[in-house]
Amino acid sequence: MKRTFAIIGLALLGVAFVVASLWVMLSGGHSARAVRTKFRIGGAMLTLSAMISLTSCGAGNEYGVSCYDPAPPPENEHRWSQGVANSELRNGDKVVLNYECRFGSEVKISLITDDEGEDRVLCSQTYEVTKGDNQLEFTIDAGDYRGRAELCVEYDKYEDGDESFWPFACIFVAIVD
């Protein structure tokens, strides 16, 4: 409602600006009062238009983004059905992941270990997901590896055919006999 009044006010100031401009033209630019009035109306128009544009950028958008800030990408959420963090897992154990997909179409779950300073993927599975809630079941298959590992969730961040996945969250687990 306030924005509507501001736009109407801006239109009225525009008409007043045209009238003041005609006054300046008819006086040949010699009337100081006409020039001063024209400048004041022009300044009021600039101020009001800035106020209108500022309220349209940051107010009411869900990210709190101003006109000059790029919007952050939305985040997908995941919840492990079992208390998996710092758990002892065995080959063949199944981990269930409840995954809320807000964008994208693929999720990759990987079991990764640090092998002499370099990541080694023990097992990995890519899942097709749909928007909304998904339940994914991941089976642990670490081969003969025993020790500390990370269970990581990655998702495709963009739907433009880019094959790269972005790490979202990792939790530590221990692979035992």
Side-chain angles (χ1 to χ4, degrees), residues 1-81 84-85 95-110 112 119 121 124-138 150-172:
M1 189 70 168
K2 290 180 184 178
R3 186 173 176 182
T4 305
F5 286 127
I7 292 172
I8 291 170
L10 187 60
L12 292 174
L13 283 173
V15 171
F17 187 78
V18 169
V19 170
S21 296
L22 287 173
W23 183 16
V24 170
M25 281 179 29
L26 292 175
S27 71
H30 297 296
S31 172
R33 186 171 178 198
V35 173
R36 188 171 44 248
T37 302
K38 182 180 173 186
F39 279 132
R40 285 184 179 163
I41 293 172
M45 288 175 61
L46 288 173
T47 301
L48 195 55
S49 64
M51 288 172 45
I52 291 170
S53 68
L54 286 176
T55 59
S56 67
C57 292
N61 70 37
E62 64 184 287
Y63 299 114
V65 176
S66 74
C67 291
Y68 304 104
D69 296 333
E75 294 291 330
N76 286 323
E77 292 182 4
H78 70 279
R79 295 166 298 284
W80 300 100
S81 292
V84 178
V95 176
V96 177
L97 173 70
N98 293 320
Y99 187 81
E100 181 184 346
C101 180
R102 295 186 183 150
F103 70 97
S105 60
E106 291 183 319
V107 174
K108 182 164 66 169
I109 303 175
S110 304
I112 302 171
D119 287 344
V121 177
S124 181
Q125 177 68 42
T126 302
Y127 300 88
E128 295 286 326
V129 292
T130 58
K131 302 274 191 279
D133 291 330
N134 296 271
Q135 190 172 52
L136 312 175
E137 190 173 284
F138 180 71
E150 285 184 288
L151 200 52
C152 293
V153 176
E154 300 173 293
Y155 57 88
D156 60 337
K157 201 161 192 167
Y158 304 103
E159 296 177 352
D160 61 359
D162 187 4
E163 296 294 323
S164 62
F165 284 88
W166 296 74
F168 182 66
C170 294
I171 57 172
F172 288 104

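We use all heavy atoms of the structure for the numbers below, so side chains are in, but hydrogens, waters and symmetry mates are not.
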Task: Side-chain touch Ser49/Leu10, heavy atoms, less than 4.5 angstrom - done: yes

Open item on the list: Tell me the closest heavy-atom pair linking Cys152 and Ile112, and the distance in Å.
Closed with: SG-CD1, 4.0 Å

Open item on the list: Nearest 0.5 Å, please: how far is OG in Ser105 from NZ in Lys131?
Closed with: 7.0 Å

Open item on the list: Test side chain to side chain contact (heavy atoms under 4.5 Å, CB included) on Asp133 and Asn98; report intermediate values, then the result.
Closed with: CA-CA 7 Å; Asp133 291 330; Asn98 293 320; over 6 Å; no

Open item on the list: Once rounded to the nearest 0.5 Å, what's the spacing between atom SG of Cys170 and atom CD of Glu154?
Closed with: 7.0 Å

Open item on the list: With rounding to the nearest 0.5 angstrom, report the CG to CZ distance, Leu12 to Phe17.
Closed with: 15.0 Å

- [ ] Output all residues satisfying side-chain contact (heavy atoms from CB on, under 4.5 Å) with Leu26, sequence neighbours left out; order by chain, then residue number.
- [x] none

- [ ] State which residues pass salt bridge (charged side-chain N to carboxylate O under 4.0 Å, His left out) with Glu150; sequence neighbours excluded, sorted by chain then number.
- [x] none

Task: N/O donor-acceptor pair under 3.5 Å between Tyr127 side chain and Glu137 backbone - done: yes

Task: Derivation and outcome, side chain to side chain contact (heavy atoms under 4.5 Å, CB included), residues Tyr155 and Val129 - done: CA-CA 10 Å; Tyr155 57 88; Val129 292; over 6 Å; no

Open item on the list: When you compare the side chain of Leu151 with that of Phe138, does any pair of heavy atoms fall below 4.5 Å?
Closed with: yes

Task: From Ile109 atom CD1 to Leu97 atom CG, the distance as rounded to the nearest 0.5 Å - done: 4.5 Å

- [ ] Using a 4.5 Å cut-off on heavy atoms from C-beta on, say whether the side chain of Gln125 contacts that of Lys108.
- [x] no

Task: Listed partners of Thr126 passing side chain to side chain donor-acceptor pair (under 3.5 Å), at least two apart - done: none

Could you list the donor-acceptor pairs under 3.5 angstrom formed between side-chain atoms of residues 34-47 and any protein atom two or more places apart in sequence or on another chain?
from, atom 1, to, atom 2, distance (Å)
Thr37, OG1, Arg33, O, 2.8
Thr47, OG1, Gly43, O, 3.0

